[in-house]
Amino acid sequence: MLPGHFERSCHYGNTSSATIPLALDKGILEGKIQSGDKILLYGFGGGLAHCGLLIDWNI
């Protein structure tokens, strides 16, 4: 696994639209996401639907 990278699909399986919020929550709880971090969120759906978002985490 890459430094600063984490994934949760091995623990929960395919959670569809809840995958990103679950990973975000776990990252915060485990201290892997800190205020000031840049976070890349990327998801995909059926067919060729996909979307990504880069955010500056300041909470």
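In this text, all values refer to a predicted model and were calculated from it rather than measured experimentally.
Ile28 and Ile39 fall within the same hydrophobic cluster, where Ile, Leu, Val, Met, Phe, Trp and Tyr residues are linked whenever their side-chain heavy atoms come under 4.5 Å apart, directly or through other members. In terms of hydrophobic clustering, with Ile, Leu, Val, Met, Phe, Trp and Tyr side chains grouped at heavy-atom distances under 4.5 Å, Ile55 and Ile20 are assigned to a common cluster.
For residues 50-59, the side-chain hydrogen bond (donor to acceptor under 3.5 Å, both in side chains) pairs, not counting sequence neighbours, are Tyr42-His50.
Within the model, atoms CG of Leu41 and OG1 of Thr19 stand 12.0 Å from one another, a figure rounded to the nearest 0.5 Å.
Clustering of Ile, Leu, Val, Met, Phe, Trp and Tyr by side-chain heavy atoms under 4.5 Å joins Leu40 with Leu54.
Panel note: side chain Asp25, backbone Leu22; no donor-acceptor pair is recorded below 3.5 Å.
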